[in-house]
Amino acid sequence: MTTAPFNLKGIVAAIGLLVAISGSVAAQQADSSDETALLAELAQADTTRARQLDRQLQALWAKSGSPSADFLLKRGRDALELQDYGAAIEHLTALTDHAPDFAEGWHARASAYFAVNLFGPAIADLEHVLALNPNHYNAIYGLGLMLEALDRPEAAFAAYSRALAIHPHHEEVTSAVNRLKPRIEGQAL
């Protein structure tokens, strides 16, 4: 009976590759909870990677750490999706009362207020979001939308530019900047 030659180099190489791959996966999983690292990578990412990082950041920001807060956020978002803005505001107000340090609750309620043209309360909620999380580019974008609706194009453009500096591949922000840029910078003759 003959045995196959023992290939130690191949085994070592395979083990090395397995360790490298598992280390890379573990590093990616660890990074998914590090907001600073995700934001730094987002600022430099290509379009495809930016979409992945955006999803990771949205998931991270949606974690309240409290099952009851998560439930209220889900109820509020569900009501928003159904365009039941009164119910959304009720659920999200309960959430902001229950978890005042949870920025995403304030952001969701700002969206509900904006949907019913209550710009004052919406802007106040977005200011609260940005006090808790100054890098929340969707809140900055929302603030830009409201400033634009209030016919404050320069302030809206500044907000959009700030959001774009954080998330350079944000499609809605890019469209808003492109829409306002001629108005702000003037049109060439």
Determine all donor-acceptor pairs shorter than 3.5 Å in which one atom belongs to a side chain in residues 111-123; sequence neighbours excluded.
residue	atom	partner	partner atom	Å
S111	OG	H107	O	3.3

Nearest-0.5 Å distance that lies between atom [atom1] in [X] and atom [atom2] in [Y]:
X: L38; Y: L57; atom1: CG; atom2: CG; value: 4.5 Å
X: L42; Y: Y137; atom1: CG; atom2: OH; value: 5.5 Å
X: R179; Y: E172; atom1: CZ; atom2: CD; value: 10.5 Å
X: L72; Y: S64; atom1: CG; atom2: OG; value: 9.0 Å
X: E104; Y: L60; atom1: CD; atom2: CG; value: 10.5 Å

Cut-off 3.5 Å, no hydrogens considered: what does the side-chain donor-acceptor table look like for residues 78-90, sequence neighbours left out?
residue	atom	partner	partner atom	Å
D78	OD2	K74	NZ	2.7
D84	OD1	A87	N	3.4

Pair E35-N133, side chain to side chain contact (heavy atoms under 4.5 Å, CB included): steps then yes or no: CA-CA 10 Å; E35 179 181 355; N133 181 356; 3.3 Å; yes
Examine [X] and [Y] and state if one hydrophobic cluster contains both, with Ile, Leu, Val, Met, Phe, Trp and Tyr joined whenever side-chain heavy atoms are less than 4.5 Å apart.
X: V177; Y: L180; answer: yes
X: L92; Y: W61; answer: no
X: I140; Y: L164; answer: yes

Contact check, side chains of T96 and H128, non-hydrogen atoms, under 4.5 Å: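 No - every pair of side-chain heavy atoms lies 4.5 Å or more apart.
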Flag side-chain contact, heavy atom, 4.5 Å: L130 against N135: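 No, side chains not in contact.
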Residues that, via side-chain heavy atoms closer than 4.5 angstrom, fall in one hydrophobic cluster with V129: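 Under the 4.5 Å side-chain rule, V129 groups with W106, L132.
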For [X], which residues count as a salt bridge (Lys or Arg N to Asp or Glu O under 4.0 Å) partner, sequence neighbours excluded?
X: R152; answer: none
X: R162; answer: none
X: E171; answer: R51

Any donor-acceptor N/O pair, D54 side chain to A50 backbone, under 3.5 Å: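 No; zero donor-acceptor contacts below 3.5 Å.
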Side chain Y160, main chain G144, donor-acceptor under 3.5 Å: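 Judged by distance alone, yes, a pair lies under 3.5 Å.
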side-chain contact (heavy atoms from CB on, under 4.5 Å) partner of L143, chosen from N138, D125, L126: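 Per the side-chain contact (heavy atoms from CB on, under 4.5 Å) rule, the option paired with L143 is L126, out of N138, D125, L126.
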Where D70 and G65 come nearest, the two heavy atoms and their spacing: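 Taking every non-hydrogen atom into account, OD1-N, 4.4 Å.
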Considering all heavy atoms, the nearest L73-A108 contact: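 Scanning both residues completely, I find the closest heavy atoms to be CD1-CB, 4.0 Å.
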Chi angles and distances behind the side-chain hydrogen bond (donor to acceptor under 3.5 Å, both in side chains) call for Q52, R55: CA-CA 5 Å; Q52 296 168 342; R55 283 191 299 273; 5.8 Å; no
Polar side chain donor-acceptor pair, H169 to D46, under 3.5 angstrom: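 Looking only at side-chain atoms, D46 and H169 do not form any donor-acceptor pair under 3.5 Å.
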Evaluation steps, salt bridge (Lys or Arg N to Asp or Glu O under 4.0 Å), between D97 and R109: CA-CA 12 Å; D97 290 345; R109 189 172 75 170; 5.5 Å; no
